[in-house]
A.B. asks: 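One structure follows; several queries about it will come next.
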Amino acid sequence: MYAVVKITGLGKLTKKMEELSKFAGEIDGHLGEVKFNPNDPVDIERAISEVEAMVDEKASSYSRNDAVQSIADQMKEKYRQAILEKAAAKRLEGETE
């Protein structure tokens, strides 16, 4: 006796993986550039918001893809931390630009 198992949902998974691959290609390389005054907390937050908007713009075409959105959220946190670290390093150096 044989049992038949029907597997469904692979089409949705394939589409999500294709979108994830396309998104990865779109964000690979230069995302953008922001400048900020490391001594001005408001300017630092503005720079963080600009970077988050850049990531959101790239991810906006994939709003229903939870994998893409998760990566976008991770990227935003990574860039936020990088900006904060850069600002702290510049303040320690005594630079303002």
Side-chain angles (χ1 to χ4, degrees):
M1 176 179 252
Y2 294 98
V4 177
V5 177
K6 183 176 181 180
I7 300 173
T8 60
L10 291 179
K12 289 179 184 177
L13 179 60
T14 299
K15 182 179 179 190
K16 280 189 175 191
M17 296 305 291
E18 288 171 353
E19 288 178 347
L20 184 57
S21 177
K22 186 175 178 185
F23 176 68
E26 291 173 4
I27 60 171
D28 186 29
H30 187 74
L31 181 65
E33 190 173 306
V34 293
K35 294 182 180 185
F36 58 92
N37 179 341
N39 295 308
D40 183 352
V42 173
D43 202 38
I44 294 168
E45 285 302 318
R46 178 204 47 79
I48 291 169
S49 293
E50 283 184 26
V51 169
E52 289 177 347
M54 289 177 201
V55 173
D56 286 341
E57 182 180 331
K58 294 286 186 184
S60 66
S61 299
Y62 312 101
S63 62
R64 294 182 178 208
N65 188 318
D66 54 343
V68 169
Q69 296 306 313
S70 176
I71 290 173
D73 289 343
Q74 291 173 32
M75 287 177 63
K76 289 190 285 188
E77 182 57 31
K78 176 184 151 195
Y79 289 130
R80 175 183 186 76
Q81 288 303 318
I83 289 171
L84 292 173
E85 289 170 10
K86 178 111 178 167
K90 290 291 185 183
R91 284 192 304 271
L92 288 174
E93 294 173 7
E95 297 182 17
T96 59
E97 292 185 39

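Just so we're clear, the structure is a prediction, and the values are computed from it rather than from any experiment.
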A.B. asks: Taking atom CD1 of I48 and atom CD of Q81, what is their separation to the nearest 0.5 Å?
C.D. replies: 8.0 Å
A.B. asks: I'd like to know if K35 pairs up with D43 as an ion pair, taking the criterion as any Lys NZ or Arg NE/NH1/NH2 lying under 4.0 Å from an Asp or Glu carboxylate oxygen.
C.D. replies: no
A.B. asks: Compare every heavy atom of A87 with every heavy atom of P38, then report the nearest pair and how far apart it is.
C.D. replies: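 Smallest interatomic distance, heavy atoms only, reads CB-O, 3.6 Å.
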A.B. asks: Nearest 0.5 angstrom please: M54 CE to S49 OG, how far?
C.D. replies: 11.0 Å
A.B. asks: Supply the atom-to-atom distance K90 NZ to K86 NZ, rounded to the nearest 0.5 angstrom.
C.D. replies: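 NZ of K86 is found 5.0 Å from NZ of K90.
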A.B. asks: Rounded to the nearest 0.5 Å, what's the gap from CG on D73 to CD on E52? Could you check?
C.D. replies: 9.5 Å
A.B. asks: Distance-only check: which donor-acceptor pairs under 3.5 Å involve side-chain atoms of residues 9-20, not counting sequence neighbours?
C.D. replies:
{"unit_1": "T14", "atom_1": "OG1", "unit_2": "L10", "atom_2": "O", "d": "2.8"}
{"unit_1": "K16", "atom_1": "NZ", "unit_2": "D66", "atom_2": "OD1", "d": "2.7"}
{"unit_1": "E19", "atom_1": "OE1", "unit_2": "N65", "atom_2": "ND2", "d": "2.9"}

A.B. asks: Starting at CD1 of I44, measure out to CD1 of I83 and round the result to the nearest 0.5 Å.
C.D. replies: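 Here the interatomic distance stands at 9.0 Å.
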A.B. asks: Provide the closest heavy-atom pair for N39 versus N37 in the form atom of the first, atom of the second, distance.
C.D. replies: N-OD1, 2.8 Å
A.B. asks: Hey, could you give me the NZ/CG distance between K58 and L31, rounded to the nearest 0.5 Å?
C.D. replies: 7.0 Å
A.B. asks: If you count heavy atoms of other groups shown closer than 6.0 angstrom to CD of E57, is the number above 12?
C.D. replies: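 Not more than 12 within 6.0 Å, no.
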A.B. asks: Between R80 and E45, is the closest basic N to carboxylate O distance under 4.0 Å?
C.D. replies: yes
A.B. asks: Got M75 and I27 here, is their nearest side-chain heavy-atom distance under 4.5 Å?
C.D. replies: yes
A.B. asks: According to ring-ring contact (aromatic ring centres under 6.0 Å, His included), who are the partners of F23, at least two apart in sequence or on a separate chain?
C.D. replies: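 In terms of ring-ring contact (aromatic ring centres under 6.0 Å, His included), with neighbours along the sequence ignored, F23 is linked to Y62.
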